[in-house]
Amino acid sequence: MRIGVLALQGDFEAHQKAVERAGAEAIEVRTAAQMDSCDGLILPGGESTTMLKLLRLEGLFDELRRFGQSKPIFGTCAGAILLAGKVLSPHQESLGLVDLTVERNAYGRQIDSRIVRIEPESGASIEGPVEAVFIRAPIIRDAGPEVNVLMRYQEQPVLVEQGRHMVATFHPELTSDPRIHQRFLATVKKALLNGK
Ligand code: GLN
């Protein structure tokens with residue numbers, strides 16, 4: 001099983017290490033051919049407007065959408081903004097692979113970054129608290145009926161899944177806890193088995 005990490009901008013190296021800690025091979029993805037060689041893909045945190053520009057420049061935007069139509073994608077923070085159906089403040093284009101409305105930089109200035117401990121939702125099959133690092137994070141303002149909420153913070157969803165895709169508004173790659181990445185790896189494994 002091979003996991004790609006989109007490596008145009010942002011903290012892709014931390015994700016690569018996190019995937020390896022969770023027990024899978026990780027490669028940096030900068031081309032469509034590299035993307036195609038992967039069973040699942042991670043869109044890292046960073047700056048979503050810059051990522052969007054680079055995706056367009058490299059001709060990868062449509063490739064990414066195609067990839068997501070058959071294989072799992074995990075978007076964190078800026079990656080969550082790219083995956084969403086609708087982006088607010090300010091509006092920008094997105095892949096529309098997950099039925100979410102997200103508001104960028106929505107926690108405001110004074111508290112724009114923080115680390116909190118969150119008890120996952122009871123159906124999430126993640127045991128015990130998770131340390132969540134938020135950095136200029138978006139808030140999920142609206143989630144469609146097919147979205148399954150795995151973690152909430154201040155009542156808003158912060159970790160969700162929809163079908164084969166997963167979205168976190170925090171940065172699971174910045175702690176040594178492998179569970180969130182392991183959960184994504186399990187989804188990729190399931191998708192591989194179903195595809196056979
Ligand atoms: N604020 C960033 C954006 O809007 C996301 C921040 C992050 O990925 N840590 O793209």
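Counting starts at 1 for both ligands and their atoms, following the listed order. The shown structure was predicted, so the numbers you read here are calculated from the model rather than taken from an experiment.
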- request: Determine, step by step, whether Ser48 and Gln92 satisfy the side chain to side chain donor-acceptor pair (under 3.5 Å) criterion, reporting the C-alpha distance in whole Å, the side-chain angles of both residues, the deciding distance to 0.1 Å, and the verdict.
  value: CA-CA 9 Å; Ser48 59; Gln92 71 185 14; 2.9 Å; yes

Check: Would you say His171 touches ligand 1, if touching means a heavy atom closer than 4.0 Å?
Finding: yes

message: Within 45 degrees of the ring normal and closer than 6.0 Å to the centroid, is that where the cationic atom of Arg183 sits relative to Phe74?
response: no

Looking only at protein heavy atoms, what sits closest to atom 4 (O) of ligand 1 is Arg104 NE, 2.8 Å

Regarding ligand 1, does Ile81 bring an N or O atom to under 3.5 Å of one of the ligand's N or O atoms?
no

Per-atom filter on ligand 1: closer than 4.0 angstrom to a heavy atom of Arg136 are 1 (N), 2 (C), 5 (C), 6 (C)

Glu47 heavy atoms within 4.0 Å reach ligand 1 at atoms 10 (O)

Q | Check: Gly45 N/O within less than 3.5 Å of ligand 1 N/O | A | no

Step through it carefully: locate the ring centre of Phe134, locate the ring centre of Tyr153, and say whether they are under 6.0 Å apart. yes

Of all heavy-atom pairs linking Ala84 and Leu100, the shortest is CB-O, 3.6 Å

Counting from 1 in the order shown, the ligand 1 atoms closer than 4.0 Å to a non-hydrogen atom of Ser48 are 3 (C), 4 (O), 10 (O)

Got Glu121 and Leu150 here, is their nearest side-chain heavy-atom distance under 4.5 Å? no

Item to complete: Before signing off on this row, confirm whether Ile135 and ligand 1 have an N or O atom pair separated by under 3.5 Å.
Response: yes

Within 4.0 Å of some non-hydrogen atom of Asn105, the atoms of ligand 1 are 1 (N)

Would Ser176 and Arg21 count as having a side-chain donor-acceptor pair, cut-off 3.5 Å? no

If you scan protein heavy atoms around atom 5 (C) of ligand 1, the nearest is Gly46 O, 3.4 Å

Ligand 1 N/O within reach of Thr76 N/O, cut-off under 3.5 Å: no

Cys77 heavy atoms within 4.0 Å reach ligand 1 at atoms 5 (C), 6 (C), 7 (C), 8 (O), 9 (N)

Practice prompt. Name the orientation class of the two ring planes belonging to His181 and His15 (parallel below 30°, tilted from 30 to 60°, perpendicular beyond 60°).
Written response: tilted

- Message: For Lys17, is there an ion pair with Glu20 - N to carboxylate O distance below 4.0 angstrom?
- Response: no

